[in-house]
Amino acid sequence: MYEQFYNLREKPFSILPDPAFLYMTEKHASVMTMLEYGLVNRSAGIIVVTGEIGSGKTTLLRGLIDKLSEQNAFNLAMLSNTHASFGDLLEWVCMSYGIDYRGKSKVELHEDFQNHLIEQYAQGRNSVLIIDEAQNLTPAMLEELRMLSNINNYKDVLLSIFLVGQPELRTLLDQPGMTQFVQRVTGSYHLEALDRKETGKYIEHRLKVAGGDGGLFDSGAVDAIWYYSKGVPRTINVICDAALVYAYGEEMTVIDKALIVEVVRDKMRGGVHAISAGSQG
């Protein structure tokens, strides 16, 4: 609706994870570098990445997947939306790698999965399993993952496991009985919310990627967006997208603080509680 008015090729503030719009803060860049290093050197083991809801975890991981896919040196699989009634984890893992799992015993599945990893290794490919929303895993599932991470050839790790989840994942790993699993974790990273400067750069970046003017939101608008969103990228996207709709309706060429305050107040009246109820001074 507003794309043509603002010379945008597409909507710049979709809440769907899109690696094309990935904005790399210093922390994001550091995490990406460490993940790549561990994978390339076959020393990743189990890596834990946490962050609040909407902090950009999935977007970061999809950006990494896109980058690794180009190299054809990785055997990638990703599981999402895990939960207590998920069923047999090994079946889901095998299915994600294209391994036939139907009608097989646990022993047969494990043997088939191990042979798959060995075949991929022989072809020079590193197998990577990414599990999103990993805070929903049970201790039994984590123990099963620990056992899978033990598959090696006495020289290199044959399976790298990325656990991506909300802060509750760290609480889960701190529970008694998780010591052996934690000992297998070779890297642990937490994505913080964006600060005021990063928020401005984030908004500018997404507008430019979509083909628009990076300065469409003025300084006061960015101040208000950062305040109300608390620096959470997904909430920034919700506010900015709504602001573009409002601004288009008023044919505004620059979005200011007053419009952001109006957008947030309207959303709060409509029952959107993810946005802070505080007033911008």
Side-chain angles (χ1 to χ4, degrees), residues 11-32 48-63 132-136 163-172 174 188-210 212 214-247 254-281:
K11 288 187 176 182
F13 298 106
S14 170
I15 63 172
L16 298 176
D18 185 346
F21 284 91
L22 177 61
Y23 170 67
M24 299 288 284
T25 66
E26 184 176 331
K27 180 66 175 180
H28 282 76
S30 175
V31 172
M32 185 75 88
V48 176
V49 179
T50 57
E52 297 291 346
I53 296 173
S55 61
K57 305 179 297 297
T58 303
T59 304
L60 177 70
L61 265 294
R62 291 196 179 280
D132 203 2
E133 301 296 341
Q135 75 277 355
N136 296 324
L163 299 182
V164 186
Q166 297 168 28
E168 292 83 355
L169 175 57
R170 290 177 177 268
T171 303
L172 175 61
D174 284 339
S188 181
Y189 310 95
H190 184 73
L191 296 181
E192 304 286 349
L194 306 182
D195 62 26
R196 163 58 180 81
K197 182 178 179 181
E198 289 170 340
T199 298
K201 294 290 187 182
Y202 174 87
I203 293 170
E204 179 183 356
H205 171 77
R206 293 190 74 103
L207 285 167
K208 287 183 175 179
V209 170
L216 182 57
F217 292 77
D218 71 16
S219 179
V222 174
D223 287 341
I225 293 166
W226 176 68
Y227 175 81
Y228 286 118
S229 70
K230 299 179 181 178
V232 177
R234 186 179 299 167
T235 308
I236 293 172
N237 288 0
V238 170
I239 295 173
C240 287
D241 184 67
L244 285 169
V245 174
Y246 280 49
V254 176
I255 297 173
D256 58 17
K257 171 184 171 181
L259 184 71
I260 300 302
V261 173
E262 179 185 356
V263 166
V264 172
R265 287 177 178 170
D266 284 354
K267 282 193 169 292
M268 290 174 61
R269 279 197 292 266
V272 180
H273 301 295
I275 299 173
S276 170
S279 62
Q280 176 69 13

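Computed from a prediction, not measured in an experiment: that's the story for all the values here.
Using a 4.5 Å heavy-atom threshold, the side chains of D256 and L259 count as touching. With contacts defined as side-chain heavy-atom distances shorter than 4.5 Å, the pair E133/Q135 qualifies. No side-chain heavy atom of D132 sits under 4.5 Å from any side-chain heavy atom of L61. Between S188 and R170 there is a side-chain heavy-atom pair separated by less than 4.5 Å. Contact of the I203 side chain with the F13 side chain is registered, since non-hydrogen atoms from C-beta on lie closer than 4.5 Å. Between K267 and V238, some side-chain heavy-atom pair lies under the 4.5 Å cut-off. At least one side-chain heavy atom of L216 sits less than 4.5 Å from a side-chain heavy atom of L244. Put simply, the side chain of P12 does not reach to within 4.5 Å of the side chain of V209, judged on heavy atoms.
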Open item on the list: Before you tell me yes or no, could you show the steps for E52 and L191 under side chain to side chain contact (heavy atoms under 4.5 Å, CB included), namely the whole-Å CA-CA distance, both residues' side-chain angles and the distance that decides it to 0.1 Å?
Closed with: CA-CA 8 Å; E52 297 291 346; L191 296 181; over 6 Å; no
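Every residue meeting the ring pair (Phe, Tyr, Trp, His ring centres under 6.0 Å) condition with H205, not counting sequence neighbours, appears here in chain and number order: Y23.
A distance-only check finds no donor-acceptor pair linking the side chain of W226 to the backbone of K197 [under 3.5 Å]. Proximity of a side-chain donor or acceptor of K57 to a complementary backbone N or O of G51 within less than 3.5 Å is detected.
Screening T235, V263, V261 against Y228 for a side-chain contact (heavy atoms from CB on, under 4.5 Å) leaves a single residue, V261.
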